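In what follows, a single structure is set out as structure tokens and then discussed.
Predicted model, so just to flag it, every value in this text is computed and none were measured. So that the names make sense, note that chain A is the first sequence line, chain B the second, and so on, each numbered from 1.
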2 protein chains.
Amino acid sequence: MTPSIGLVERLTREIVQTIRAENLQPGQTLPSAKVLAERFEVTVPTVREALRRLEATGSVELMHGSGTYVREAINRRILDNPHYVPVDLAAAIELLDARVAIEPGIAELAAQIQSAEAVASMESALDNALQVETAVPAGHFHVELARASGNRALHEMLVSLLAIHSRTQQAARTTYDRLRDHDEHADILDAIKRGDGFEAAHRTRKHLEAIKTVVLADWADDPQTDDAANKEAEQ
Amino acid sequence: MTPSIGLVERLTREIVQTIRAENLQPGQTLPSAKVLAERFEVTVPTVREALRRLEATGSVELMHGSGTYVREAINRRILDNPHYVPVDLAAAIELLDARVAIEPGIAELAAQIQSAEAVASMESALDNALQVETAVPAGHFHVELARASGNRALHEMLVSLLAIHSRTQQAARTTYDRLRDHDEHADILDAIKRGDGFEAAHRTRKHLEAIKTVVLADWADDPQTDDAANKEAEQ
DNA sequence: CGCACCAAAGTGATTAGATGACTTAAACAC
DNA sequence: GTGTTTAAGTCATCTAATCACTTTGGTGCG
């Protein structure tokens, strides 16, 4: 039924199934390439090609001299393209538009769920943002908000959007006021804690639209050099 | 500045940049592995590892005896995890919930945009669905709807969601009435053509919730064998 | 005893060359 | 002109070896 699928692809699936069968958790190591090669009766280069596939999707990480480690993304459905080359500001705006489209719904779900620990995570994220120069990953308020929705697909989508956004030039240039950001997050969280889904959604939308406005304003003040931007836009 | 990044990862980036620099479009072939090896002054196995990474994310495809082809996903930001092992019905419901959360917003955007060609694509998808046993990919009404939103990130998210859903056992078992599906799609499209974003969003939400109801009903009638399901659920 | 240094083992990284299998298209025969 | 055959190009996989990095455990000095 699967007549002509390559050996590497089959091997990749077998490795994934092995990880799941042996219940290997993120952080744990896989057997060495040599051992895997013997177990699946292939050679080391073939195993390495399979591992490179898994590496590209963040399912594993190959660490020189140390070993091959299972990574979180093995449990993710939605990923960001690690080979995507970010370009223009229009793409950054597009990402913000996407967030405007989906995050209000996420906030509404979070308000309905009302998980205690999720609320705690969001409060924690609220504090962290004021102190550490927290990057995009975990601990980010919007990520915790998405986690609080209880829907892993939505959570993974938002993580992906933010990961892509962080690779954009505009990410660093955006100068959204730290305190204002904090206050608006607090307002959203407040609505969630009250279980007011409608208000949480509304505040989230306004918050993101405000960010978008700032980004656009920054752009107007100091338009970037968009050599590669035009080529991307016309396609 | 990039102290200890592997040779393969660097090579992968260089290949992507080469593709973009030479403006290679999906369907076109890359130079042979041997040529790439000489150009970047590495050996063939190293090139192959880099290509396997790109293959895992759908950016390229290696075809035995033919060549290495550029694929559409090289322009995608959001991907579905090709190594994800689908499991239980709960995950399928989660995907539908995610769609309920984001698709109404997409429909609203589509109604605001009102692209003529996008509307044509949706009408085409409407007809196809009644005739061909169209699978998940292009031509699917909901995919065209997402495309009509004008936001590529949203479009890619929906494609990813549907791709994952298609790999679920429940995908085939869902027996949503073909005619009812068509009629509800037509109703959504009708609202979009009128520019009524609110109504388009509302009808989209109702449509997806109805599908969810049917899936749940199917499950109640004929509960599946969920050996692997429980392990996933408790985590 | 405790700490620093060092050596060895394990592992991944990369290279090298060779063989096999598949695809495509050109050359050829009919 | 059509069909077959042949040859070249390409990916697929293997074998073998060397290099680089990490970790660990010991060894010896203080």
Side-chain angles (χ1 to χ4, degrees), chain A residues 1-16 18-19 22 24 26-71 73-74 82-83, chain B residues 1-16 18-19 22 24 26-71 73-74 82-83:
Chain A
M1 199 51 62
T2 53
S4 60
I5 102 170
L7 175 56
V8 170
E9 177 160 357
R10 191 174 359 171
L11 177 60
T12 306
R13 294 181 189 177
E14 288 175 332
I15 291 176
V16 171
T18 298
I19 292 174
E22 298 186 2
L24 290 184
Q28 292 187 280
T29 71
L30 247 57
S32 76
K34 186 164 177 284
V35 171
L36 288 176
E38 292 167 354
R39 180 182 304 177
F40 295 111
E41 296 180 318
V42 293
T43 57
V44 171
T46 304
V47 169
R48 286 183 61 80
E49 286 188 23
L51 291 177
R52 287 296 188 193
R53 286 189 55 137
L54 293 171
E55 184 191 44
T57 56
S59 292
V60 306
E61 184 177 359
L62 286 66
M63 301 195 75
H64 192 166
S66 175
T68 304
Y69 295 79
V70 179
R71 287 292 178 243
I74 197 172
H83 307 119
Chain B
M1 198 52 61
T2 51
S4 60
I5 103 169
L7 173 57
V8 170
E9 178 160 357
R10 191 172 9 185
L11 177 60
T12 306
R13 295 181 188 177
E14 286 175 334
I15 291 177
V16 171
T18 297
I19 292 174
E22 298 186 3
L24 291 183
Q28 292 186 280
T29 70
L30 249 56
S32 75
K34 187 163 177 282
V35 171
L36 288 175
E38 291 167 354
R39 177 181 306 177
F40 295 111
E41 296 181 316
V42 294
T43 57
V44 171
T46 305
V47 169
R48 285 184 62 80
E49 287 186 22
L51 291 177
R52 287 298 190 192
R53 286 189 55 136
L54 292 171
E55 184 191 44
T57 56
S59 292
V60 306
E61 182 177 0
L62 286 66
M63 302 196 73
H64 190 168
S66 177
T68 303
Y69 295 80
V70 178
R71 288 292 179 243
I74 197 172
H83 307 117

Using a 4.0 Å heavy-atom cut-off across all strands, classify A:T43 as base, sugar-phosphate, or nothing.
-> base
Of all the heavy-atom pairs spanning B:V60 and B:L51, show the shortest one and how long it is.
-> CG2-O, 3.8 Å
Atom CG in A:L11, atom CZ in A:R39: separation rounded to 0.5 Å?
-> 11.5 Å
Can A:R52 and B:T12 be said to form a side-chain contact (heavy atoms from CB on, under 4.5 Å), step by step?
-> CA-CA 11 Å; A:R52 287 296 188 193; B:T12 306; over 6 Å; no
Numerically ordered, the residues 47-59 of chain A set in heavy-atom contact under 4.0 Å with DNA chain C is A:R48, A:R52
With side-chain contact (heavy atoms from CB on, under 4.5 Å) as the test, would you mind laying out the steps for A:F40 and A:T46 before giving the verdict?
-> CA-CA 10 Å; A:F40 295 111; A:T46 304; over 6 Å; no
Taking the nucleotide of DNA chain C with the closest heavy atom to each, which residue, B:V42 or A:K34, is nearer the 5' end?
-> A:K34
With a 4.0 Å cut-off (strictly under) to non-hydrogen atoms of chain B, the first and last hit nts on DNA chain D, 5' to 3', are D:dG9 to D:dT13
Salt bridge flag under 4.0 Å for residues A:R10 and A:E14 | no
Nearest whole angstrom, please: distance from the C1' of C:dT23 to the CE of B:M63.
-> 10 Å
Please work out if A:V44 contacts a base, only the sugar-phosphate, or nothing of the nucleic acid, heavy-atom cut-off 4.0 Å.
-> nothing
Using heavy atoms to find the nearest nucleotide of DNA chain C for B:Y69 and A:S32 separately, return the residue whose nucleotide is more 5′.
-> A:S32
Between A:P31 and the options A:V47, A:L36, A:T68, the side-chain contact (heavy atoms from CB on, under 4.5 Å) test singles out A:L36
Least distance between heavy atoms, B:P82 atom then B:A56 atom = CG-O, 3.1 Å
Modelled atom types, side-chain donor and acceptor of B:S59 and A:H83, under 3.5 Å = no
Calculate the interatomic distance between B:L62 atom CG and C:dT23 atom C1'; express it in whole Å.
-> 14 Å
Report the residue (A:S66 or A:P45) whose heavy-atom-nearest nucleotide on DNA chain D is the more 5′ of the two.
-> A:P45
State whether A:R53 and A:E49 are salt-bridged, where the test is any N-O pair (Lys NZ or Arg NE/NH1/NH2 against Asp/Glu carboxylate O) under 4.0 Å.
-> no
Rounded distance in Å - CD1 (A:I5) to P (C:dA21) | 19 Å
OP1 or OP2 of C:dG12 under 4.0 Å from side-chain N/O of A:T68 = yes
